[in-house]
Amino acid sequence: MSYTQRVLASLKAKYPFQPEFLQAAEEILTTLEPVVAKEPKYEKYKILERMVEPERTISFRVEWVDDKGEVQVNKGYRVQFNSAIGPYKGGIRLHPTVNEGVLKFLGLEQILKNSLTGTPIGGAKGGSDFDPKGKSETEIMRFCQAFMIQLHRYIGATVDVPAGDIGTGGREIGYMYGAYKRLTTRYEGVLTGKGLNYGGSLARTEATGYGTVYFTDAMVKDRGDSLQGKKCAVSGSGNVAIYCCEKLYQLGATPVTVSDSTGTIYDPNGIKVDVLKQVKEVERARLTRYAELVSTAEYTPVEKYPEGKHQVWCYKVDCAFPCATQNELNEEDAKTLLANGCKVVAEGANMPSTLGAIKQFLDAKIAYAPAKAANAGGVATSQLEMEQNAGMTSWTFEEVDSKLHTIMTNLYKNVAETAREFGVEGNLVLGANIAGFRKVADAMIAQGVI
Ligand code: GLU
């Protein structure tokens with residue numbers, strides 16, 4: 001058995017109850033095969049065994065009082081996965097599906113993603129099984145404060161810098177930041193995604209969605225095509241999906257779908273981004289509200305989805321942008337997209353495609369941009385926020401956006417060249433994993449073993 005397969009087998013034996021983590025590890029380890037075969041030092045220093053085990057996992061109880069005066073108890077975590085190339089960095093997810101395995105998958109992805117940005121940040125992820133849905137403003141605030149009462153000991157501007165993810169946006173970061181400051185008396189860039197009047201960066205909100213489209217633009221241009229005139233299916237309706245739609249319009253493409261956990265919107269005339277922002281950012285409502293406001297929108301509730309498929313992937317489109325959550329696009333969905341002529345898939349969410357779906361895309365040799373490359377613009381701009389905080393300054397929107405554009409274009413080139421170097425031109429899964437891995441692995445070797 002090869003080195004990578006041995007490491008994968010031992011992970012499967014050790015963590016059978018962490019399916020998402022095993023899925024991410026399998027995707028990564030299988031593609032690292034050629035680089036570990038070529039460079040024996042990685043096996044000699046047991047880099048794979050070390051890289052798949054977090055440096056540290058902190059788990060804690062989060063207790064808070066709801067509006068009825070009842071005590072609530074949640075589980076909180078921070079997985080500090082790898083600090084070889086910089087302070088731990090990664091978002092905080094608040095969702096009932098959060099558990100240690102989910103955060104380990106996200107943390108492992110984050111190590112390589114952060115490395116790919118070309119900036120000095122390590123990999124981490126955190127979160128809680130707290131469900132923000134249906135909670136009042138004050139309940140959200142109390143939860144965020146309770147979460148930070150536990151977390152503040154383990155983070156810091158040069159130690160570990162959390163940010164947003166599903167369920168954690170500007171509002172939650174604000175409450176967490178306020179709690180950190182009160183607990184520590186430190187005014188420092190300990191979180192990113194902050195409000196603009198207390199150290200946040202312009203363009204951070206837009207960055208993940210914009211970055212995904214910048215990456216896609218570079219990828220399709222490299223294939224002699226462009227986004228101009230393309231019809232695009234976008235899933236999700238959070239921050240990533242909204243700004244993915246916005247940037248698609250700016251580059252001449254038309255997003256025709258969005259979705260949330262209750263249903264899918266399809267509008268052949270194009271999604272109305274201003275209405276979407278109103279519904280999701282201001283009203284914090286469901287997409288049924290969008291359907292009420294836009295008469296041309298066709299709404300399909302989840303109960304009406306075709307068996308085993310997601311409605312959002314059933315339309316005839318040129319490009320697909322999964323921007324919702326993990327495993328939202330399965331093998332059947334991939335086949336449907338390909339049968340409908342889809343030639344471009346770029347992942348704004350983390351691990352949205354199952355292993356079966358990825359295989360379909362790679363076999364069909366379409367332009368497929370894996371998450372850790374395509375959605376790296378969010379964390380890259382978080383690092384730009386850290387830079388601004390460290391320099392006690394703030395840059396203009398145009399400055400940050402142009403840096404983001406440069407980062408995503410260079411990231412595409414690096415990943416595409418790495419794929420070429422290993423003789424699999426166009427396989428950006430392998431390109432991203434190897435390019436991200438090498439930098440971290442070499443830093444780990446250079447820093448020795450204690
Ligand atoms: N949660 C985002 C991600 O998956 C952003 C993390 C960050 O900005 O630190 O990359």
Side-chain angles (χ1 to χ4, degrees), residues 1-36 42-43 46-59 75 77-82 90-91 93 95-116 122-129 165-166 308 322 324-334 347 349-362 368 370-373 375 427-430 432-434 436-437 440-441 444:
M1 218 194 277
S2 69
Y3 176 40
T4 51
Q5 289 308 311
R6 265 187 287 121
V7 174
L8 184 60
S10 82
L11 271 189
K12 285 183 175 170
K14 209 164 164 185
Y15 300 112
F17 43 84
Q18 296 182 345
E20 294 87 358
F21 173 60
L22 294 177
Q23 181 184 337
E26 181 167 346
E27 189 241 275
I28 293 166
L29 287 171
T30 48
T31 58
L32 294 181
E33 197 94 52
V35 74
V36 298
Y42 297 135
E43 184 168 358
K46 297 221 166 32
I47 289 298
L48 294 182
E49 292 88 331
R50 290 160 64 192
M51 204 172 289
V52 295
E53 193 58 51
E55 286 175 19
R56 182 178 310 104
T57 300
I58 299 142
S59 78
K75 183 89 190 161
Y77 305 87
R78 185 72 179 165
V79 181
Q80 297 182 330
F81 224 124
N82 195 301
R93 179 172 291 195
H95 195 269
T97 55
V98 164
N99 57 43
E100 193 176 333
V102 166
L103 295 178
K104 278 175 68 185
F105 119 61
L106 289 161
L108 183 63
E109 284 281 297
Q110 201 82 42
I111 301 170
L112 303 183
K113 182 198 305 196
N114 294 3
S115 163
L116 286 171
K125 207 82 189 190
S128 172
D129 58 2
D165 196 79
I166 293 173
T325 194
Q326 66 264 18
N327 293 329
E328 54 162 316
L329 197 166
N330 64 28
E331 191 170 348
E332 281 313 302
D333 296 321
E347 299 181 336
N350 288 312
M351 201 170 78
S353 305
T354 62
L355 292 172
I358 297 174
K359 187 171 184 317
Q360 290 291 322
F361 297 143
L362 292 179
Y368 169 60
K372 66 175 75 62
N375 76 26
N427 183 338
L428 305 186
V429 177
L430 180 139
N433 287 336
I434 292 184
F437 167 81
V440 178
M444 288 170 77

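- Summarising the geometry, atom CG belonging to Leu108 is positioned 9.5 Å from atom CG belonging to Asn82; distances are rounded to the nearest 0.5 Å.
- For Ser2, the side chain to side chain donor-acceptor pair (under 3.5 Å) partners are Thr4, Glu33, not counting sequence neighbours.
- Not counting sequence neighbours, the partners of Gln326 by the side chain to side chain contact (heavy atoms under 4.5 Å, CB included) test are Arg93, Val102, Phe105, Met351.
- Taken from NZ in Lys75 to OG in Ser59, the straight-line distance is 3.5 Å, to the nearest 0.5 Å.
- Counting all heavy atoms, side chain and backbone alike, Ala324 lies closest to Ala349 at N-CB, 3.6 Å.
- Scanning for side chain to side chain donor-acceptor pair (under 3.5 Å) contacts around Asn99 gives an empty result, with sequence neighbours left out.
- One distance of note links CG of Asn433 with CG of Leu29; it measures 9.0 Å at 0.5 Å rounding.
- Side-chain atoms of Gln5 and Leu8, non-hydrogen and from C-beta on, do get closer than 4.5 Å to each other.
- Taking the ring axis of Phe81 as reference, the NZ or CZ atom of Lys125 does not stay both within 45° of it and closer than 6.0 Å to the ring centre.
- Under the rule for a side chain to side chain donor-acceptor pair (under 3.5 Å), the partners of Asn114 that lie at least two apart in sequence or sit in another chain are Gln110.
- Taken from CD1 in Ile58 to CZ in Arg56, the straight-line distance is 6.5 Å, to the nearest 0.5 Å.
- Listed by chain and number, the residues in a salt bridge (Lys or Arg N to Asp or Glu O under 4.0 Å) with Lys359 are Asp363 (sequence neighbours excluded).
- Looking at residues two or more places apart in sequence or on another chain, you find a ring-ring contact (aromatic ring centres under 6.0 Å, His included) between Tyr42 and Phe437.
- A pairwise comparison of heavy atoms in Ala334 and Gln360 identifies CB-CB, 3.8 Å as the closest pair.
- For Thr354 (side chain) and Asn330 (main-chain N/O), no donor-acceptor pair under 3.5 Å exists by modelled atom type.
- With hydrogens and angles ignored, the 3.5 Å screen pairs no side-chain donor or acceptor of Asp129 with any backbone N or O of Val98.
- Not counting sequence neighbours, the partners of Arg78 by the side chain to side chain donor-acceptor pair (under 3.5 Å) test are Asp160.
- Shown here are the salt bridge (Lys or Arg N to Asp or Glu O under 4.0 Å) partners of Glu347, two or more places apart in sequence or in another chain: there are none.
- Without hydrogens or angle criteria, Glu328 side chain to Thr325 main chain gives a donor-acceptor distance under 3.5 Å.
- With sequence neighbours excluded, the residues satisfying ring-ring contact (aromatic ring centres under 6.0 Å, His included) with Phe361 are Tyr368.
- Ser115 approaches Gly436 most closely through the heavy-atom pair OG-O, 2.8 Å.
- Closest heavy-atom contact between Leu329 and Ala357: O-CB, 3.5 Å.
- Scanning for salt bridge (Lys or Arg N to Asp or Glu O under 4.0 Å) contacts around Glu49 gives an empty result, with sequence neighbours left out.
- Asn375 contributes atom CG, which lies 4.5 Å from atom CG of Asn350 (distance to the nearest 0.5 angstrom).
- Rounded to the nearest 0.5 angstrom, Leu106 CG and Ile111 CD1 are separated by 11.5 Å.
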>> Run the side chain to side chain contact (heavy atoms under 4.5 Å, CB included) test on Ile47 and Arg50 for me, step by step, so that the C-alpha distance in whole Å, both residues' side-chain angles and the decisive distance to 0.1 Å come before the verdict.
In response: CA-CA 5 Å; Ile47 289 298; Arg50 290 160 64 192; 3.7 Å; yes
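- Remark: side-chain polar atoms of Thr30 are paired, donor with acceptor, to backbone N or O of Glu26 under 3.5 angstrom.
- Across all their heavy atoms, Glu109 and Ile28 have their closest contact at OE2-CD1, 3.7 Å.
- For Asn427, the side chain to side chain contact (heavy atoms under 4.5 Å, CB included) partners are Leu362, Val424, Val429, Leu430, not counting sequence neighbours.
- When side chains are defined from C-beta on, Asn327 does not count as touching Pro352, because their heavy atoms never get closer than 4.5 Å.
- In this structure Asp333 satisfies the salt bridge (Lys or Arg N to Asp or Glu O under 4.0 Å) test with no other residue, sequence neighbours excluded.
- Closest non-hydrogen pair, Ile434 versus Pro34, comes out as CD1-CG, 4.1 Å.
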>> Would Lys104 and Glu53 count as a salt bridge (charged side-chain N to carboxylate O under 4.0 Å, His left out) here? Give the steps.
In response: CA-CA 9 Å; Lys104 278 175 68 185; Glu53 193 58 51; 5.1 Å; no
